Amino acid sequence: MKTDVIAQVKKTILDSIEKNIKQSNFQIKIIPEIILLTPKNKSHGDLSTNIAMQLSRELKLKPLDIAHFIVDNLNIKDSIIGEVEMVRPGFINFCLKENWLYQVIDEIREKGEDYGKVNLGKGKKIQVEFVSVNPTGPLHVGHGKCAAVGDALSNILKAAGYKVEKEYYINDQGRQIDLLGQSVQVRYNNLLGERMEFPADGYKGEYIVDIAKEVIEKFQDKYKDRDDQESREFFKEFTLKNILEGIKEDLKNFGVEFDAWFSESSLYKQNKLQEVIELLQQKGFLYKEKGALWLKTTVFGDEKDRVVIRKNSIPTYFASDIAYHQDKYQRGFEKIIDIWGADHHGYIQRMKAAVQALGYPEDSLGVLIVQFVTLIRDGKEVGMSTRGGEFITLRDLIKEVGKDVARYFFLMRSHDSHTEFDLDVAKSQSMENPVYYIQYAYARICSIIKKAEQAGVKMDKSKVIKLQLLNQEEEFELIKKLSSLKEVIKKSALTWKPHFLTTYLYDLASSFHKYYTVHRIITEDEELTRARLILIDCTRIVLFNSLKILGVSVPESM
RNA sequence: GCGCCCGUAGCUCAAUAGGAUAGAGCAACGGAUUUCUAAUCCGUAGGUUGGGGGUUCAAUUCCCUUCGGGCGCGCCA
């Protein structure tokens, strides 16, 4: 089994440095974590550490002197490590012999679809809950960004060795749902010529009328001019089901599949809410005031205490959420990630407080805030107000630009910065569009491999490949890029930022395109051709694995 | 008023868990194709990282302050 070359070299170096420091006369309490990273400037070597500078303050010595001591006593017997040098402030840089790059190729060939996986999570159970839009209307583009981020992050965490479950929480309960049912009921009656007053804060969207029309199609005037319990229940359920199906379908078309759909009303049916209130009562975090029941969230740093049961004895949304989160922990998740839109950020503190009141550590719950999306058309902002009439749903967006482009655009920037989504760029099949740029690299590789096969050069595992023939600058660059996938996955998983992977993919595609332009893959020299084919096939594998994580498809021809 | 996020090239954004000369794309200008897909590649130009302090050997990154933009501050969800 080919193992991770870089990881091995790192270990060798780290062990030696650490041993070295320990054996010295240095008076240090705790040795800081020694970090080896890849310098952006290649004249600084393949790996670099800043440990000498980190130690300099405590030791009151010049960083360069410390670096000298470390390097002089370095005992590294790894054939792959070449030169070691010290530079200005106190960096220690390691140059590796070119051999290591060929080992990367071997590793990729051997691991194939598993290349890029790391065991950071060690099987830890983690839940990612996202989208969770109230089922009172269709998904809009902002929800699409949450969906893309949540889905990609889940895939990244899986690749990083966590056991991940994706969940959607359905608020299928309470006043808003009653109101939703009523809205359709009134529209239904209106369509049938009945005069019935529309609820004051009812849902006014056109989709409500569409649902009413569907009721007519299926049930004609069966519920006409009725306002009894049965008809109300009927409209509520019909509408809920209808909208939820739409949401599920939209998400499916967007490439997002959830492992679980969790219904709020199930919490009530199973008495979970009552249980959690009693638990909090026992723990002494609840008190009565002004006829309502309050949770002492201020104990855990919230601005003010929050109501869980209203004066009218109806629980708040917050109460359901507490019960819901308790249920998550009871299902054995060690870590919970909630992904919310930016308009909910004010909710983080109270949710974290609730989790702590339940007895779980603060950082067991992580909340990821996804900033808003602005759509641009013809250089102008597209109004997103529901009333404005220009409202664009996720479904519209997918229809207009396609799933791949939509997903990529949502993932190419950091989730905590606003996304400016230019529809014209997204639709252009040109170099402006980064999605095509990356997919094109993949298609190009597939095309070359096919061509080589037709010419009789097949990638044969049994043949000995002379990887040493890969000695061009562009080839080294490309292999180095290939080697850094694992670091990228690791970083994305630790910071919960999928955009690191997106950026990486673009760079990788760029390295390949450059290589392609300068060198021919299929040459007169069969051995060279074989070596180069292996290289681009490895590139294909890495592109494939990364695009799969992002949920963007891989076309073999374009 | 209080809290959170953001401010980097003309525009949209990056910047490895504080690191070395702040990088891409678009737009502008100039080049490359008898070649495995030009949806590509190369070059030029473009910056006081909003302003001002501080911490550090080292700050776009951390702290304080100020300005500008977004969002949130219900017994709504």
Side-chain angles (χ1 to χ4, degrees), chain A residues 33 35 37-41 43-44 48 50 52-54 56-57 62-64 87-91 93 134 136 171 174-177 201 289-294 303-304 306-318 320-321 341-349 369 371-372 374 376 379 412-414 416-422 425 428-441 443-452 454-455 484 487-488 491 494-495 499-500 502-503 506-507 509-510 512-523 529 532-533 536 557-558:
Chain A
E33 193 193 351
I35 294 167
L37 42 85
T38 316
K40 351 179 199 191
N41 189 333
S43 67
H44 295 139
S48 172
N50 60 355
M53 288 174 286
Q54 292 202 323
S56 99
R57 179 157 26 147
K62 285 181 187 163
L64 219 48
V87 192
R88 279 174 313 200
F91 291 102
N93 300 333
N134 292 347
T136 54
N171 297 110
R175 202 178 107 78
Q176 50 159 356
I177 298 299
D201 28 350
E289 195 179 292
K290 295 178 197 162
L293 194 63
W294 299 70
E303 295 165 358
K304 50 178 280 196
R306 310 290 174 175
V307 170
V308 284
I309 309 282
R310 289 184 279 236
K311 202 184 197 169
N312 61 10
S313 77
I314 294 174
T316 57
Y317 177 88
F318 183 44
S320 305
D321 251 354
D343 51 340
H344 286 80
H345 74 258
Y347 205 74
I348 298 175
Q349 275 213 312
I369 291 300
Q371 293 295 334
F372 292 126
T374 310
I376 306 287
M412 76 178 165
R413 309 300 186 202
S414 173
D416 57 12
S417 79
H418 295 223
T419 297
E420 197 152 295
F421 197 119
D422 192 320
V425 171
S428 73
Q429 298 201 356
S430 72
M431 40 197 148
E432 284 182 74
N433 195 326
V435 189
Y436 294 117
Y437 182 87
I438 295 166
Q439 289 181 324
Y440 184 51
R444 252 183 171 174
I445 293 171
C446 292
S447 162
I448 297 168
I449 292 173
K450 209 178 288 168
K451 186 117 186 170
Q454 281 162 5
S484 58
E487 277 302 312
V488 174
K491 197 174 140 198
L494 282 171
T495 56
H499 86 277
F500 286 127
T502 322
T503 312
Y506 190 88
D507 281 350
S510 172
F512 169 73
H513 285 310
K514 274 174 201 168
Y515 175 48
Y516 172 91
T517 309
V518 183
H519 303 287
R520 282 191 67 81
I521 311 302
I522 301 168
T523 63
T529 303
R532 288 188 170 170
L533 279 173
I536 65 166
S557 67
M558 286 174 77

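Below, chain A is the first sequence line, B the second, and so on; all start at residue 1. The figures that follow rest on heavy atoms only: side chains count, while hydrogens, waters and symmetry mates do not. Here the structure is a predicted model, which is why all the values come from computation and not from measurement.
Across B:A17, B:A20, B:A14, the shortest atom-to-atom separation from the side chain of A:H499 is found for B:A14. Proximity note for A:N134 (side chain, C-beta onward) versus B:A77, B:C13, B:C36: the nearest is B:A77. The side chain of A:R413 has B:A14 as its nearest neighbour among B:U35, B:A14, B:G19. The side chain of A:Y347 lies closest to B:A77, out of B:A14, B:A77, B:A39. If you check B:C36, B:U21, B:C75 against the side chain of A:I522, the one that comes closest is B:C36. The side chain of A:Y317 lies closest to B:A77 when the candidates are B:A77, B:C57, B:A14. Proximity note for A:F372 (side chain, C-beta onward) versus B:A77, B:G70, B:A20: the nearest is B:G70. Distances from the side chain of A:T316 to the nucleotides B:C41, B:A17, B:C75 place B:C75 closest. The A:V87 side chain lies nearest to B:A20 when the options are B:C75, B:U16, B:A20. With B:C57, B:C75, B:A77 as the candidates, the nucleotide lying closest to the side chain of A:K304 is B:C75.
Between B:C71 and B:C75, the two C1' atoms lie 24 Å apart (nearest whole Å).
Ring-to-base geometry places A:F91 in a stacked arrangement with B:A20 (centre distance under 5.5 Å, plane angle under 30°). Residue A:H345 and nucleotide B:G72 are not classified as a stacked aromatic pair, given the requirement of ring centres less than 5.5 Å apart at an interplanar angle below 30°.
Contact annotation for A:F500: backbone-only contact, meaning every heavy-atom pair under 4.0 Å involves sugar-phosphate atoms and none involves a base. Residue contacts shown for A:S417 are limited to sugar-phosphate atoms, with no base heavy atom under 4.0 Å away. Contacts of A:T136 with the nucleic acid, taken as non-hydrogen atoms under 4.0 Å apart, are absent. Heavy atoms of A:L494 sit under 4.0 angstrom from at least one base atom. A:H44 comes within 4.0 angstrom of a nucleotide base, judged by non-hydrogen atoms across all strands. Residue A:A443 is in base contact, counting any heavy-atom pair closer than 4.0 Å across all strands shown. At a threshold of 4.0 angstrom between heavy atoms, the contacts of A:A342 are confined to the sugar-phosphate backbone, with no base atom among them. Residue A:S414 is classed as a sugar-phosphate contact, given heavy-atom separations below 4.0 Å to backbone atoms only. Using a 4.0 Å heavy-atom criterion, one finds that A:N50 contacts the bases of the nucleic acid, with or without backbone contacts as well.
Here B:C2 sits opposite B:G72 as a Watson-Crick or G-U wobble pair (both hydrogen-bonding atom distances under 3.5 Å). Base pairing of B:U55: no nucleotide in any strand meets the Watson-Crick or G-U wobble criterion (both distances under 3.5 Å). Taking a pair to require two hydrogen-bonding distances under 3.5 Å in either a Watson-Crick or a G-U wobble arrangement, B:U8 remains unpaired. If you check B:G43 for Watson-Crick or wobble pairing at under 3.5 angstrom, you find it paired to B:C29. Across all strands shown, B:U48 forms no Watson-Crick or G-U wobble pair with both key distances under 3.5 Å.
A close approach under 4.0 Å does not occur between any side-chain nitrogen or oxygen of A:T517 and OP1 or OP2 of B:C36. Of the side-chain N and O atoms in A:R306, none sit less than 4.0 angstrom from OP1 or OP2 of B:A77. Taking only side-chain nitrogens and oxygens, A:R444 comes nearer than 4.0 Å to OP1 or OP2 of B:A38. For A:R532 and B:C36, the shortest distance from a side-chain N or O to OP1 or OP2 is not below 4.0 Å. Distances shorter than 4.0 Å separate none of the side-chain N or O atoms of A:K514 from OP1 or OP2 on B:U40.
Classified by interplanar angle (parallel below 30°, tilted 30° to 60°, perpendicular above 60°), the ring pair A:F318/A:Y347 is perpendicular. Ring orientation note: the planes of A:H519 and A:Y515 are tilted relative to one another, at an angle of 30° to 60°.
Checking A:K311 against A:I348, the closest nucleotide of RNA chain B that is more toward the 5' end is the one next to A:I348. Mapping A:K40 and A:I521 onto RNA chain B by nearest heavy atom places A:K40 closer to the 5' end of the strand.
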#### Entry: Full working for side chain to side chain donor-acceptor pair (under 3.5 Å) between A:R413 and A:H418
CA-CA 8 Å; A:R413 309 300 186 202; A:H418 295 223; over 6 Å; no
### Task
Starting from the C-alpha separation in whole Å, work towards a yes-or-no answer on side chain to side chain donor-acceptor pair (under 3.5 Å) for A:Q176 and A:N134.
CA-CA 9 Å; A:Q176 50 159 356; A:N134 292 347; 3.2 Å; yes
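In this entry the base of B:A17 is syn relative to its sugar, with a glycosidic angle within 90° of 0.
Note that A:R444 lies in the cation-pi zone of A:Y516, set by a 6.0 Å cut-off to the ring centre and a 45° limit from the axis.
The base of B:A20 sits within donor-acceptor range of the side chain of A:N93, with an N or O pair under 3.5 Å. No hydrogens or angles were tested; on distance alone, nothing pairs the side chain of A:S510 with the base of B:A24 as donor and acceptor under 3.5 Å.
Contact check for A:Y437 versus A:S510: side-chain heavy atoms found under the 4.5 Å cut-off.
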